[in-house]
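Residue numbers begin at 1 in each chain, while the letters A, B, ... track the order of the sequences. The structure displayed is predicted, hence computed values, not measured ones.
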Amino acid sequence: MSDTREPAGKKQRVIISAASKPTLPRHMRLWHDKTRGRWTILAPERIFRLDVIAATVLERCDGARTVDAIAQELAASYITPKDRILADIIALLQELADKGVVRA
Amino acid sequence: MGLLAELTHRCPLQCPYCSNPLALERVAGELPTEVWLDVLAQAAELGVLQLHLSGGEPTVRRDLEEIVAQAAKVGLYSNLITAAVLLTEQRLEALAACGLDHVQISLQDTDPASADRIARYQGGHAKKLAAARSVRALGLALTLNVPIHRQNIANLPEFIDLAENAGAQRLEVAHVQYYGWALKNRQALMPTRDQVLRSADLVARARERLKGILVIDFVVPDYYARRPKPCMGGWGRGIVCITPSGKVLPCHAAQSLPGLVFDNVCDKSLRDIWHGSEAFQKYRGTGWMCEPCRSCEFRERDWGGCRCQAFAFTGEAVLADPACDKSPHHPAFTRTGADEAAAPPPEFVFRSPGAATRQSGTD
């Protein structure tokens with residue numbers, strides 16, 4: 001497991017690429033909401049609702065796997081060419097990085 | 001769904017826009033630890049996901065660690081909303097070890113002398129900045145919350161720089177909302193329409209520049225709005241507030257409304273109160289509405305706005321929030337904001353037990 005503490009000091013915008021190793025900082029919690037039967041991210045003063053694909057991607061964001069490797073795994077389980085989903089995953093993770101949900 | 005737990009009304013600060021009611025609850029009536037622990041378990045069971053530990057100043061409670069640990073145990077995301085002047089690095093470390101997820105620190109201004117004057121606490125600003133550094137040094141996420149009004153709005157660019165340099169994850173630029181103490185001090189706090197528009201523009205530009213670096217939330221003041229805000233996301237829809245003595249409210253200001261009776265967690269289960277209590281049913285949904293809300297296309301978006309504001313300004317809690325331009329009271333409401341912003345600011349009535357009813361001159 002990678003260090004999920006947020007580094008101190010001024011930050012820079014994270015740019016997600018196929019080689020990035022994304023992870024969720026400690027204050028972003030991937031959580032299955034049993035009452036409503038859906039995956040969410042619990043964040044400061046926010047709750048992000050996730051669809052199944054986003055939850056599947058975020059489960060794999062452990063700071064060790066690259067975005068490319070995550071795309072590879074999903075391609076295998078959904079029997080889809082990797083290249084078709086890699087761009088979508090990068091776009092999803094970039095959007096989440098801009099909201100502070102993911103870092104790399 | 002979120003739970004706002006006002007653990008105590010005690011606070012070392014005396015900010016004149018405090019969101020606590022004018023009648024502050026006393027320490028003798030505060031819920032004991034075991035009741036809070038049970039309430040958190042009930043809340044998680046009911047479907048609450050996030051816990052906001054607030055006050056007053058929640059860190060004056062010596063059992064805060066136990067409460068945070070219980071939140072972690074039952075799966076609630078915990079957010080500590082603090083003035084931070086009592087928050088040492090050791091205490092933060094202990095709270096982090098208990099599973100605290102996030103810390104929110106309020107700032108009164110960027111200029112230390114002005115900040116300490118507004119909070120009426122000498123040296124407070126420096127202590128807050130030190131606590132913010134400790135939060136970040138421990139690897140905890142930090143939100144800085146800045147209540148904005150006519151006496152600090154000029155420093156908004158400095159607030160944004162401060163948050164960026166502090167390495168905060170989030171900045172809440174919150175124009176003061178005029179209930180309770182803030183309503184009492186409205187003329188001393190109300191900015192002009194121009195100032196509000198400029199602040200919105202500043203925030204929009206900072207958001208673009210700080211994308212991926214700092215999340216900025218912006219709360220606008222109602223007095224220059226055209227549409228009301230969906231107060232609390234709608235009455236009894238997603239937020240439950242519990243006062244220090246255990247009263248369960250649909251909104252932390254709900255006690256300002258006449259004729260509502262609030263159940264207590266000591267007498268009934270949170271589930272029963274949420275689903276069945278009279279206070280939660282009273283303004284839930286749209287059935288209680290009258291015109292112009294009843295037939296309005298936005299009725300399930302803003303839920304008629306704020307009941308407390310409707311009552312405070314019109315004398316009737318069931319009327320439309322006067323922030324809405326469909327309300328017949330809207331022109332007078334907007335004029336009130338503009339007139340007070342144009343007049344010189346009076347002295348603050350600082351928050352303290354009894355201050356709201358004390359005659360001026362005897363303070």
Participant: Sort B/L142 into side chain, backbone, both or neither according to what part of it lies under 4.5 angstrom from a heavy atom of chain A.
Facilitator: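 Neither part.
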
Participant: With a 4.5 angstrom heavy-atom cut-off, which part of B/L76 approaches chain A: side chain, backbone, both or neither?
Facilitator: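 When you check distances to chain A, only backbone atoms of B/L76 fall under 4.5 Å.
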
Participant: Quick check on A/R84: does its CZ atom have over 12 non-hydrogen neighbours (other residues, nucleotides or ligands) under 6.0 Å away?
Facilitator: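 Counting neighbours around CZ of A/R84, 12 or fewer heavy atoms of other residues, nucleotides or ligands fall under 6.0 Å, so no.
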
Participant: Minimum heavy-atom separation for A/H27 to B/Y77, with atom names?
Facilitator: O-OH, 2.6 Å

Participant: For B/A96, which atoms come within 4.5 Å of any heavy atom of chain A: side chain, backbone, both, or neither?
Facilitator: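 The answer is both parts of B/A96.
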
Participant: Quick one: which of B/Q104, B/R170, B/E172, B/Q169 gives a side-chain contact (heavy atoms from CB on, under 4.5 Å) with A/P44?
Facilitator: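 Output: one option passes, namely B/R170.
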
Participant: CE of A/M28 to NE2 of B/H102: how many Å apart, nearest 0.5 Å?
Facilitator: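 It comes to 8.5 Å.
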
Participant: May I have the step-by-step check of side chain to side chain contact (heavy atoms under 4.5 Å, CB included) for B/Q50 and A/E45, ending in yes or no?
Facilitator: CA-CA 8 Å; B/Q50 292 187 315; A/E45 300 276 346; 5.9 Å; no

Participant: Would you please test A/R26 and B/L140 for side chain to side chain contact (heavy atoms under 4.5 Å, CB included) and show each step?
Facilitator: CA-CA 8 Å; A/R26 166 189 158 137; B/L140 283 168; 3.5 Å; yes

Participant: Between A/T35 and B/L46, which heavy-atom pair has the shortest distance, and what is it?
Facilitator: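 Minimum heavy-atom contact is CG2-O, 4.2 Å.
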
Participant: If you count every heavy atom of other residues, nucleotides or ligands that lies below 6.0 Å from A/K21 atom NZ, does the total exceed 12?
Facilitator: no

Participant: Can you tell which part of B/D101 gets under 4.5 Å to a heavy atom of chain A, answering side chain, backbone, both or neither?
Facilitator: both

Participant: With rounding to the nearest 0.5 angstrom, report the CD1 to CG distance, A/I47 to B/L49.
Facilitator: 4.5 Å

Participant: Side chain, backbone, both or neither: which part of A/R46 has a non-hydrogen atom closer than 4.5 Å to chain B?
Facilitator: both

Participant: Measuring from atom CG of A/D98 to atom CG of B/L210, what distance do you get when rounded to the nearest 0.5 angstrom?
Facilitator: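 If we round to the nearest 0.5 Å, A/D98:CG and B/L210:CG are 11.5 Å apart.
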
